[in-house]
Protein chains: 2
Amino acid sequence: MEYQEAKDKFISTWGSLGTLWGINKAMAQIQSLLFISTKPLSMEDIMEELKISRGNTSTNLRQLMDWGIVTKELIPGERKEFFTTEKDVQELARHIAKERSRREIKPVIKVLKEVSSTKDDGTEKTKELIKQTKALHDLAETADTMMNKIVNQEQNWITKSLMKLIK
Amino acid sequence: MEYQEAKDKFISTWGSLGTLWGINKAMAQIQSLLFISTKPLSMEDIMEELKISRGNTSTNLRQLMDWGIVTKELIPGERKEFFTTEKDVQELARHIAKERSRREIKPVIKVLKEVSSTKDDGTEKTKELIKQTKALHDLAETADTMMNKIVNQEQNWITKSLMKLIK
DNA sequence: ATAAATTTTCAATAATTATAGAAAGTTTAG
DNA sequence: CTAAACTTTCTATAATTATTGAAAATTTAT
(Lines give C-alpha, C1' and ligand atoms only; values in the text may rest on other atoms or scores of the structure.)
Protein backbone atom coordinates (compact mmCIF):
# COMPACT_ATOMS: atom_id res chain seq x y z
CA MET A 1 0.00 0.00 0.00
CA GLU A 2 1.26 3.44 -0.90
CA TYR A 3 1.23 6.52 1.30
CA GLN A 4 -1.85 8.23 -0.08
CA GLU A 5 -3.99 5.11 -0.03
CA ALA A 6 -2.89 4.27 3.48
CA LYS A 7 -3.55 7.80 4.65
CA ASP A 8 -7.06 7.87 3.17
CA LYS A 9 -7.84 4.47 4.61
CA PHE A 10 -6.67 5.51 8.04
CA ILE A 11 -8.67 8.73 8.07
CA SER A 12 -11.83 7.10 6.86
CA THR A 13 -11.59 4.12 9.21
CA TRP A 14 -10.66 6.10 12.25
CA GLY A 15 -13.30 8.63 11.30
CA SER A 16 -16.05 6.06 11.13
CA LEU A 17 -14.92 4.71 14.48
CA GLY A 18 -15.75 8.12 15.91
CA THR A 19 -19.18 6.94 16.95
CA LEU A 20 -17.50 4.37 19.16
CA TRP A 21 -15.97 7.09 21.26
CA GLY A 22 -18.90 9.40 20.91
CA ILE A 23 -17.88 12.06 18.40
CA ASN A 24 -19.04 12.81 14.89
CA LYS A 25 -17.40 12.01 11.59
CA ALA A 26 -15.88 15.37 10.78
CA MET A 27 -14.46 15.69 14.27
CA ALA A 28 -12.88 12.26 14.06
CA GLN A 29 -11.48 12.92 10.60
CA ILE A 30 -9.92 16.19 11.61
CA GLN A 31 -8.31 14.54 14.59
CA SER A 32 -7.04 11.70 12.39
CA LEU A 33 -5.53 14.10 9.92
CA LEU A 34 -3.71 16.01 12.64
CA PHE A 35 -2.62 12.77 14.25
CA ILE A 36 -0.54 11.69 11.28
CA SER A 37 0.54 15.14 10.18
CA THR A 38 4.20 16.03 10.62
CA LYS A 39 3.37 19.65 11.30
CA PRO A 40 0.55 21.87 12.61
CA LEU A 41 -2.24 22.51 10.10
CA SER A 42 -4.30 25.61 9.43
CA MET A 43 -8.03 25.69 8.89
CA GLU A 44 -7.40 26.09 5.16
CA ASP A 45 -5.22 22.97 5.16
CA ILE A 46 -7.89 20.95 6.88
CA MET A 47 -10.74 22.18 4.69
CA GLU A 48 -8.69 21.41 1.63
CA GLU A 49 -7.59 17.93 2.70
CA LEU A 50 -10.96 16.75 3.94
CA LYS A 51 -13.10 18.71 1.50
CA ILE A 52 -15.30 20.18 4.19
CA SER A 53 -16.58 23.71 4.63
CA ARG A 54 -15.05 26.45 6.69
CA GLY A 55 -17.93 26.51 9.13
CA ASN A 56 -17.82 22.80 9.67
CA THR A 57 -14.08 22.89 10.22
CA SER A 58 -14.33 25.73 12.69
CA THR A 59 -17.10 24.12 14.71
CA ASN A 60 -15.45 20.75 14.91
CA LEU A 61 -12.06 22.13 15.76
CA ARG A 62 -13.60 23.92 18.69
CA GLN A 63 -15.25 20.73 19.88
CA LEU A 64 -11.96 18.91 19.65
CA MET A 65 -10.41 21.64 21.76
CA ASP A 66 -13.25 21.25 24.27
CA TRP A 67 -12.39 17.57 24.47
CA GLY A 68 -8.83 18.64 25.20
CA ILE A 69 -7.25 16.63 22.41
CA VAL A 70 -6.52 19.43 19.95
CA THR A 71 -4.68 22.66 20.73
CA LYS A 72 -4.05 25.91 18.93
CA GLU A 73 -0.48 26.50 17.95
CA LEU A 74 0.69 30.03 17.22
CA ILE A 75 3.37 30.15 14.60
CA PRO A 76 5.53 33.30 14.72
CA GLY A 77 5.09 35.44 11.66
CA GLU A 78 1.87 33.68 10.67
CA ARG A 79 -1.45 35.35 11.02
CA LYS A 80 -3.49 32.15 10.67
CA GLU A 81 -4.04 29.81 13.54
CA PHE A 82 -2.55 26.35 13.41
CA PHE A 83 -3.69 23.21 15.12
CA THR A 84 -2.13 20.08 16.52
CA THR A 85 -3.50 17.04 18.30
CA GLU A 86 -2.10 15.10 21.20
CA LYS A 87 0.36 12.74 19.58
CA ASP A 88 0.90 10.32 22.41
CA VAL A 89 -1.68 7.54 22.26
CA GLN A 90 -1.67 6.97 26.01
CA GLU A 91 -2.37 10.63 26.68
CA LEU A 92 -5.02 10.58 23.99
CA ALA A 93 -6.74 7.59 25.55
CA ARG A 94 -6.54 9.26 28.93
CA HIS A 95 -8.23 12.42 27.72
CA ILE A 96 -10.95 10.55 25.89
CA ALA A 97 -11.70 8.22 28.79
CA LYS A 98 -11.82 11.12 31.21
CA GLU A 99 -14.19 13.15 29.06
CA ARG A 100 -16.53 10.28 28.32
CA SER A 101 -16.67 9.43 31.96
CA ARG A 102 -17.46 13.01 32.89
CA ARG A 103 -19.98 13.64 30.13
CA GLU A 104 -21.80 10.36 29.85
CA ILE A 105 -21.00 7.71 32.40
CA LYS A 106 -21.03 9.77 35.61
CA PRO A 107 -24.47 11.28 34.89
CA VAL A 108 -25.90 7.84 34.19
CA ILE A 109 -24.43 6.47 37.39
CA LYS A 110 -26.09 9.31 39.25
CA VAL A 111 -29.49 8.45 37.77
CA LEU A 112 -29.02 4.76 38.52
CA LYS A 113 -28.27 5.69 42.11
CA GLU A 114 -31.47 7.71 42.33
CA VAL A 115 -33.61 5.09 40.67
CA SER A 116 -32.24 2.29 42.82
CA SER A 117 -33.14 4.34 45.89
CA THR A 118 -36.82 4.21 45.05
CA LYS A 119 -38.93 3.56 48.09
CA ASP A 120 -39.58 -0.17 48.48
CA ASP A 121 -43.36 -0.44 48.54
CA GLY A 122 -43.21 -4.20 48.95
CA THR A 123 -44.46 -5.09 45.46
CA GLU A 124 -42.55 -7.53 43.36
CA LYS A 125 -42.04 -5.13 40.47
CA THR A 126 -40.57 -2.46 42.72
CA LYS A 127 -38.24 -4.99 44.30
CA GLU A 128 -37.10 -6.05 40.84
CA LEU A 129 -36.52 -2.47 39.69
CA ILE A 130 -34.44 -1.75 42.77
CA LYS A 131 -32.46 -4.96 42.53
CA GLN A 132 -31.66 -4.62 38.85
CA THR A 133 -30.80 -0.95 38.82
CA LYS A 134 -28.64 -1.44 41.88
CA ALA A 135 -26.71 -4.19 40.10
CA LEU A 136 -26.30 -1.95 37.06
CA HIS A 137 -25.19 0.92 39.25
CA ASP A 138 -22.51 -1.16 40.89
CA LEU A 139 -21.30 -2.50 37.57
CA ALA A 140 -21.17 0.93 35.98
CA GLU A 141 -19.32 2.37 38.93
CA THR A 142 -16.77 -0.41 38.98
CA ALA A 143 -16.22 -0.17 35.24
CA ASP A 144 -15.88 3.60 35.39
CA THR A 145 -13.41 3.45 38.24
CA MET A 146 -11.35 0.75 36.57
CA MET A 147 -11.27 2.56 33.29
CA ASN A 148 -10.15 5.81 34.83
CA LYS A 149 -7.53 4.23 37.01
CA ILE A 150 -6.16 2.10 34.24
CA VAL A 151 -5.88 4.96 31.88
CA ASN A 152 -4.37 7.32 34.42
CA GLN A 153 -0.86 8.37 35.26
CA GLU A 154 0.71 5.14 36.36
CA GLN A 155 -0.30 3.53 33.12
CA ASN A 156 2.80 1.69 32.27
CA TRP A 157 3.22 0.18 35.67
CA ILE A 158 -0.39 -0.78 36.04
CA THR A 159 -0.75 -2.04 32.51
CA LYS A 160 2.19 -4.33 32.99
CA SER A 161 0.80 -5.66 36.25
CA LEU A 162 -2.54 -6.16 34.65
CA MET A 163 -1.22 -7.96 31.67
CA LYS A 164 0.68 -10.31 33.92
CA LEU A 165 -2.46 -11.00 35.91
CA ILE A 166 -4.61 -11.52 32.91
CA LYS A 167 -2.44 -13.46 30.51
CA MET B 1 -39.48 8.62 44.02
CA GLU B 2 -42.39 6.32 43.23
CA TYR B 3 -42.29 3.21 41.08
CA GLN B 4 -43.67 4.64 37.85
CA GLU B 5 -41.44 7.70 37.89
CA ALA B 6 -38.39 5.60 38.69
CA LYS B 7 -39.23 3.15 35.94
CA ASP B 8 -39.68 5.87 33.32
CA LYS B 9 -36.50 7.56 34.39
CA PHE B 10 -34.57 4.33 34.17
CA ILE B 11 -35.87 3.45 30.73
CA SER B 12 -35.25 6.86 29.30
CA THR B 13 -31.77 7.22 30.80
CA TRP B 14 -30.61 3.76 29.93
CA GLY B 15 -32.18 4.20 26.51
CA SER B 16 -30.31 7.37 25.77
CA LEU B 17 -27.13 5.67 26.90
CA GLY B 18 -27.65 3.23 24.05
CA THR B 19 -25.43 5.25 21.76
CA LEU B 20 -22.61 4.67 24.22
CA TRP B 21 -22.70 0.98 23.57
CA GLY B 22 -23.62 1.36 19.93
CA ILE B 23 -27.31 0.57 19.68
CA ASN B 24 -30.31 2.73 18.91
CA LYS B 25 -32.87 4.21 21.24
CA ALA B 26 -35.71 1.77 20.67
CA MET B 27 -33.39 -1.19 21.06
CA ALA B 28 -32.04 0.16 24.32
CA GLN B 29 -35.48 0.96 25.65
CA ILE B 30 -36.83 -2.48 24.89
CA GLN B 31 -33.88 -4.04 26.64
CA SER B 32 -34.38 -1.74 29.63
CA LEU B 33 -38.01 -2.63 29.89
CA LEU B 34 -37.27 -6.34 29.83
CA PHE B 35 -34.45 -5.88 32.28
CA ILE B 36 -36.72 -4.65 35.06
CA SER B 37 -39.73 -6.74 34.16
CA THR B 38 -40.70 -9.52 36.53
CA LYS B 39 -41.97 -11.70 33.69
CA PRO B 40 -41.49 -12.25 29.95
CA LEU B 41 -43.25 -9.66 27.76
CA SER B 42 -45.03 -10.06 24.43
CA MET B 43 -44.68 -7.75 21.47
CA GLU B 44 -48.01 -6.21 22.37
CA ASP B 45 -46.81 -5.50 25.90
CA ILE B 46 -43.70 -3.79 24.61
CA MET B 47 -45.50 -1.73 21.96
CA GLU B 48 -47.99 -0.65 24.56
CA GLU B 49 -45.48 0.29 27.25
CA LEU B 50 -43.07 2.14 25.00
CA LYS B 51 -45.63 3.52 22.57
CA ILE B 52 -43.77 2.29 19.52
CA SER B 53 -45.05 0.60 16.39
CA ARG B 54 -45.26 -3.10 15.72
CA GLY B 55 -42.67 -2.95 12.98
CA ASN B 56 -40.22 -1.07 15.10
CA THR B 57 -40.68 -3.50 17.97
CA SER B 58 -40.20 -6.50 15.75
CA THR B 59 -37.08 -5.16 14.07
CA ASN B 60 -35.42 -4.12 17.29
CA LEU B 61 -36.27 -7.31 19.11
CA ARG B 62 -34.56 -9.23 16.37
CA GLN B 63 -31.47 -7.06 16.65
CA LEU B 64 -31.41 -7.62 20.39
CA MET B 65 -31.56 -11.33 19.74
CA ASP B 66 -28.69 -10.98 17.25
CA TRP B 67 -26.71 -9.32 20.00
CA GLY B 68 -27.48 -12.32 22.15
CA ILE B 69 -28.99 -10.37 25.03
CA VAL B 70 -32.66 -11.10 24.43
CA THR B 71 -34.25 -14.50 23.96
CA LYS B 72 -37.62 -15.81 22.93
CA GLU B 73 -39.54 -17.56 25.61
CA LEU B 74 -42.33 -19.91 24.68
CA ILE B 75 -45.12 -19.94 27.18
CA PRO B 76 -47.25 -23.11 27.12
CA GLY B 77 -50.77 -22.45 25.99
CA GLU B 78 -49.88 -19.03 24.59
CA ARG B 79 -49.76 -18.41 20.89
CA LYS B 80 -47.81 -15.15 21.13
CA GLU B 81 -44.09 -15.09 21.56
CA PHE B 82 -42.64 -13.73 24.77
CA PHE B 83 -39.26 -12.18 25.36
CA THR B 84 -36.77 -11.92 28.17
CA THR B 85 -33.36 -10.33 28.48
CA GLU B 86 -30.28 -11.57 30.23
CA LYS B 87 -30.82 -10.54 33.82
CA ASP B 88 -27.33 -10.97 35.17
CA VAL B 89 -25.34 -7.77 34.68
CA GLN B 90 -22.02 -9.57 34.40
CA GLU B 91 -23.35 -11.79 31.65
CA LEU B 92 -24.89 -8.78 29.99
CA ALA B 93 -21.60 -6.91 30.03
CA ARG B 94 -19.85 -9.97 28.68
CA HIS B 95 -22.19 -10.27 25.72
CA ILE B 96 -22.02 -6.59 24.90
CA ALA B 97 -18.25 -6.41 25.13
CA LYS B 98 -17.86 -9.48 22.99
CA GLU B 99 -20.18 -8.19 20.29
CA ARG B 100 -18.70 -4.73 20.15
CA SER B 101 -15.25 -6.20 19.91
CA ARG B 102 -16.29 -8.49 17.09
CA ARG B 103 -18.30 -5.93 15.15
CA GLU B 104 -16.33 -2.76 15.59
CA ILE B 105 -13.01 -3.02 17.32
CA LYS B 106 -11.52 -6.08 15.62
CA PRO B 107 -12.16 -4.70 12.10
CA VAL B 108 -10.52 -1.41 13.01
CA ILE B 109 -7.52 -3.21 14.45
CA LYS B 110 -7.21 -5.06 11.17
CA VAL B 111 -7.16 -1.84 9.17
CA LEU B 112 -4.64 -0.28 11.54
CA LYS B 113 -2.44 -3.29 11.01
CA GLU B 114 -2.65 -2.90 7.25
CA VAL B 115 -2.07 0.83 7.28
CA SER B 116 0.89 0.56 9.63
CA SER B 117 2.42 -1.95 7.24
CA THR B 118 2.64 0.64 4.48
CA LYS B 119 5.91 0.46 2.65
CA ASP B 120 8.40 2.89 4.17
CA ASP B 121 9.43 5.13 1.29
CA GLY B 122 11.82 7.08 3.47
CA THR B 123 9.77 10.29 3.55
CA GLU B 124 9.02 11.94 6.84
CA LYS B 125 5.26 11.84 6.36
CA THR B 126 5.25 8.12 5.64
CA LYS B 127 7.39 7.46 8.69
CA GLU B 128 4.94 9.47 10.79
CA LEU B 129 1.93 7.62 9.41
CA ILE B 130 3.54 4.28 10.16
CA LYS B 131 4.68 5.27 13.63
CA GLN B 132 1.36 6.73 14.72
CA THR B 133 -0.88 4.03 13.30
CA LYS B 134 1.37 1.41 14.82
CA ALA B 135 1.04 3.04 18.23
CA LEU B 136 -2.74 3.17 17.79
CA HIS B 137 -2.78 -0.44 16.69
CA ASP B 138 -0.93 -1.57 19.76
CA LEU B 139 -3.13 0.48 22.06
CA ALA B 140 -6.33 -0.78 20.46
CA GLU B 141 -5.16 -4.36 20.65
CA THR B 142 -4.17 -4.09 24.29
CA ALA B 143 -7.44 -2.42 25.20
CA ASP B 144 -9.44 -5.00 23.29
CA THR B 145 -7.61 -7.89 24.91
CA MET B 146 -7.94 -6.44 28.37
CA MET B 147 -11.59 -5.73 27.96
CA ASN B 148 -12.39 -9.19 26.76
CA LYS B 149 -10.36 -10.93 29.39
CA ILE B 150 -11.71 -8.78 32.20
CA VAL B 151 -15.25 -9.37 31.17
CA ASN B 152 -14.83 -13.08 30.60
CA GLN B 153 -15.47 -16.16 32.66
CA GLU B 154 -13.21 -15.66 35.61
CA GLN B 155 -14.76 -12.30 36.28
CA ASN B 156 -15.23 -12.43 39.95
CA TRP B 157 -11.77 -13.60 40.67
CA ILE B 158 -10.12 -11.23 38.28
CA THR B 159 -12.22 -8.26 39.25
CA LYS B 160 -11.30 -8.74 42.86
CA SER B 161 -7.61 -8.99 42.04
CA LEU B 162 -7.87 -5.95 39.86
CA MET B 163 -9.63 -3.86 42.40
CA LYS B 164 -6.99 -4.73 44.95
CA LEU B 165 -4.28 -3.72 42.51
CA ILE B 166 -5.94 -0.50 41.56
CA LYS B 167 -7.32 0.80 44.81
C1' DA C 1 -57.17 -27.17 3.92
C1' DT C 2 -58.66 -22.92 5.84
C1' DA C 3 -58.93 -19.11 8.60
C1' DA C 4 -57.52 -16.66 12.52
C1' DA C 5 -53.56 -15.05 15.06
C1' DT C 6 -49.23 -13.39 14.93
C1' DT C 7 -44.81 -11.75 13.06
C1' DT C 8 -41.89 -9.85 9.45
C1' DT C 9 -40.76 -6.99 5.70
C1' DC C 10 -40.51 -2.82 3.35
C1' DA C 11 -41.67 1.59 1.12
C1' DA C 12 -43.12 6.07 2.62
C1' DT C 13 -42.49 9.51 6.00
C1' DA C 14 -40.74 11.76 9.98
C1' DA C 15 -37.11 13.08 13.02
C1' DT C 16 -32.57 13.94 13.78
C1' DT C 17 -28.08 15.33 12.78
C1' DA C 18 -24.40 17.15 9.79
C1' DT C 19 -22.87 20.50 6.45
C1' DA C 20 -22.49 24.53 3.53
C1' DG C 21 -21.94 29.09 2.83
C1' DA C 22 -22.57 33.71 3.68
C1' DA C 23 -23.05 37.39 7.07
C1' DA C 24 -21.28 39.04 11.30
C1' DG C 25 -17.59 39.36 14.33
C1' DT C 26 -12.74 39.64 15.68
C1' DT C 27 -7.90 40.40 15.36
C1' DT C 28 -3.79 42.38 13.54
C1' DA C 29 -0.77 45.35 10.73
C1' DG C 30 0.25 49.64 9.35
C1' DC D 1 -8.47 54.31 12.91
C1' DT D 2 -9.08 51.45 8.93
C1' DA D 3 -8.78 47.79 5.97
C1' DA D 4 -7.41 43.24 5.15
C1' DA D 5 -7.04 38.63 7.01
C1' DC D 6 -9.05 35.43 9.35
C1' DT D 7 -12.59 32.99 12.47
C1' DT D 8 -17.11 32.26 14.33
C1' DT D 9 -21.94 32.03 14.22
C1' DC D 10 -26.14 30.95 12.28
C1' DT D 11 -29.87 29.62 9.09
C1' DA D 12 -31.13 26.98 5.15
C1' DT D 13 -30.38 22.64 3.06
C1' DA D 14 -28.75 18.03 2.63
C1' DA D 15 -27.82 13.51 4.33
C1' DT D 16 -28.66 10.08 7.42
C1' DT D 17 -31.20 7.35 10.47
C1' DA D 18 -35.42 5.92 12.87
C1' DT D 19 -40.27 4.96 12.75
C1' DT D 20 -44.72 3.91 11.08
C1' DG D 21 -48.25 1.24 9.12
C1' DA D 22 -50.01 -1.77 6.02
C1' DA D 23 -49.27 -5.71 2.97
C1' DA D 24 -47.10 -10.11 2.77
C1' DA D 25 -45.56 -14.06 5.04
C1' DT D 26 -45.72 -17.41 8.54
C1' DT D 27 -47.55 -20.16 12.13
C1' DT D 28 -51.08 -22.57 14.64
C1' DA D 29 -55.64 -24.52 15.70
C1' DT D 30 -59.32 -26.92 14.13
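Every chain is numbered from 1, with letters handed out A, B, ... down the list of sequences. Since the model is a prediction, treat every value here as computed from it, not as a measurement.
In this structure, A/Ile30 places its CD1 atom 13 Å from P of D/dT7, rounding to the nearest Å. When the P atom of C/dT6 is taken as reference, atom NZ of B/Lys72 falls 14 Å away, rounded to whole Å. Atom-to-atom, CZ of B/Phe82 to C1' of C/dT6 comes out at 12 Å; the value is rounded to the nearest Å. Atom pair B/Leu61:CG and C/dT6:P shows a separation of 16 Å (rounding to whole Å applied).
Within the nucleic acid shown, A/Glu44 has no heavy atom closer than 4.0 Å to any nucleic acid atom.
For residues 77-86 of chain B, every residue pair satisfying the salt bridge (charged side-chain N to carboxylate O under 4.0 Å, His left out) rule, not counting sequence neighbours, is listed here: B/Lys72-B/Glu81.
Partners of B/Lys25 under the side-chain contact (heavy atoms from CB on, under 4.5 Å) rule, at least two apart in sequence or in another chain, are B/Gln29.
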Compile the donor-acceptor pairs under 3.5 Å between side chains in residues 53-70 of chain B and protein atoms, sequence neighbours left out, one pair per line.
residue	atom	partner	partner atom	Å
B/Ser53	OG	B/Asn56	N	3.2
B/Arg54	NH2	B/Glu44	OE2	2.9
B/Thr57	OG1	B/Ser53	O	2.7
B/Thr59	OG1	B/Gly55	O	2.9
B/Asn60	ND2	B/Asn24	OD1	3.3

Below 3.5 Å, can you tabulate the donor-acceptor pairs from side chains in residues 133-140 of chain B to any protein atom, sequence neighbours excluded?
residue	atom	partner	partner atom	Å
B/Thr133	OG1	B/Leu129	O	2.7
B/Thr133	OG1	B/Ile130	O	3.3
B/Lys134	NZ	B/Asp138	OD2	3.3

When the side chains of residues 110-117 of chain B are checked against the rest of the protein, which donor-acceptor pairs come out under 3.5 Å, sequence neighbours left out?
residue	atom	partner	partner atom	Å
B/Glu114	OE1	A/Lys9	NZ	2.5
B/Ser116	OG	B/Leu112	O	3.0
B/Ser116	OG	B/Lys113	O	3.1
B/Ser117	OG	B/Lys113	O	2.7

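In this structure, A/Phe83 and A/Asp45 have side chains that are not in contact, with every pair of non-hydrogen atoms separated by 4.5 Å or more.
Note on B/Arg62: every side-chain N or O is 4.0 Å or more away from OP1 and OP2 of C/dT7.
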Once each nucleotide of nucleotides 14-30 of chain D is scored for protein heavy atoms under 4.0 Å, what B/S/- sequence comes out, 5' to 3'? ----SSBB-----BBS-
